[in-house]
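What follows is a short report on a single structure.
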Amino acid sequence: MLEETGIPEAGKVEASLPSWERLEQGPVAIFECFTEIPCDPCYYSCPIEAIEEFHDINDLPELDFDRCTGCGQCIANCPGLAIFVLDYNYSKEEGVVRVPYEYTPLPEEGEIVQALNRAGEVVGEARVEKVQNAERQDRTAVVWLAVSKEQVLTVRNFKRMED
Ligand code: SF4
Ligand code: SF4
């Protein structure tokens, strides 16, 4: 299915997630990287070596969720746009999903956007909480999407209302 549609199977997605206990503890990265390709910049981008060293450049990344601080430095370094940071307990009512974003114009902080799932389907609305676009990110912005807690595991992209 992934090879044909670009949409990962539910089982693969589930296997890539940390435990609920870890999700509730604070921000944590998830890697939705399911195809063995010669790629490893995520490993080199993590300042605390929370990603296991690759033995072969085709290895899939393996993240130690307990070491990961959710800093998000790896997000913009992934050419596959496959890394997200989830902050389930961002506030009492909302979680935040940090997503890589390479379209322009970038959204404004506070803007309401359409929240999309992995298949690109609209699943609700999200509020843009923050936009990170430092020079070192090389034009891969990281957009913080505030969503309902129920949608933290679902939302992986967004569409601006005026698009
Ligand atoms: S979010 Fe930060 S700590 Fe976690 S894997 Fe990415 S770079 Fe490492
Ligand atoms: S940089 Fe991204 S695409 Fe490449 S191995 Fe790491 S997670 Fe996968």
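Counting convention: from 1, in listed order, for ligands and their atoms alike. All values below come from the heavy atoms of this structure, side chains included, with hydrogens, waters and symmetry mates left out.
In this structure, the side chain of Lys12 does not engage the main chain of Cys33 through any donor-acceptor pair within 3.5 Å.
Residue contacts with ligand 1, taken as heavy atom pairs separated by less than 4.0 Å, involve Leu63 solely via side-chain atoms from C-beta onward.
Of all protein heavy atoms, the one closest to atom 2 (Fe) of ligand 2 is Cys78 SG, 2.3 Å. Among protein heavy atoms, the minimum distance from atom 1 (S) of ligand 1 is reached at Gly72 N, 3.2 Å. Shortest contact from atom 6 (Fe) of ligand 1 to any protein heavy atom: Cys74 SG, 2.3 Å. In this structure, the protein non-hydrogen atom closest to atom 4 (Fe) of ligand 1 is Cys68 SG, 2.4 Å. With hydrogens left out, the protein atom closest to atom 8 (Fe) of ligand 1 is Cys46 SG, 2.3 Å, a heavy atom.
Across all non-hydrogen atoms, the minimal contact from Gly110 to Arg127 is O-CG, 4.0 Å. Taking every heavy atom of both residues into account, Leu60 and Phe34 meet most closely at CD2-C, 3.9 Å. Across Glu94 and Lys149, no two heavy atoms sit closer than the pair O-NZ, 3.6 Å.
Comparing Val85, Asn77, Thr69 against atom 3 (S) of ligand 1, the shortest heavy-atom distance belongs to Thr69. Checking Gly80, Cys39, Ser45 against atom 5 (S) of ligand 2, the nearest heavy atom belongs to Cys39.
Close contacts of ligand 2 with Phe31, meaning ligand atoms under 4.0 Å from a residue heavy atom, involve 7 (S). In the vicinity of Pro79, heavy-atom distances shorter than 4.0 Å reach the ligand 2 atoms 1 (S). Counting atoms of ligand 1 from 1 in the listed order, those under 4.0 Å from a heavy atom of Gly70 are 1 (S), 4 (Fe). Atoms of ligand 1 lying under 4.0 Å from any heavy atom of Ala29, numbered from 1 in the order shown and given with element: 1 (S). Close approach to Pro47 involves these atoms of ligand 1, each under 4.0 Å from a residue heavy atom: 7 (S). Ligand-side atoms of ligand 2 in range of Pro41: 1 (S), range being under 4.0 angstrom from any heavy atom. Proximity to Cys33 (heavy-atom distance under 4.0 Å) selects the following atoms of ligand 2: 3 (S), 5 (S), 7 (S), 8 (Fe).
In summary, the side chains of Glu102 and Thr140 do present a donor paired with an acceptor at a separation below 3.5 Å, with no hydrogens or angles considered. For the residue pair Gln132 / Trp144, a side-chain donor-acceptor distance below 3.5 Å is found, with atom types taken as modelled.
Stacking of Arg156 on the aromatic ring of Phe84 is recorded, both the 6.0 Å distance cut-off and the 45° axial limit being met.
Taking the ring centroids of Tyr101 and Phe158, they lie under the 6.0 Å cut-off.
Atoms CD and CZ, from Glu32 and Arg118 in turn, are 4.0 Å apart once rounded to the nearest 0.5 Å.
With a cut-off of 2.8 Å, atom 6 (Fe) of ligand 2 has an N, O or S atom of Cys42 in range. Residue contacts to atom 2 (Fe) of ligand 1: Cys71 brings an N, O or S atom closer than 2.8 Å.
Around atom CD of Glu24, more than 12 heavy atoms belonging to other residues, nucleotides or ligands sit under 6.0 Å away.
Using bins of under 30°, 30° to 60° and over 60° for the plane-to-plane angle, the ring pair Tyr43/Phe54 lands in the tilted bin.
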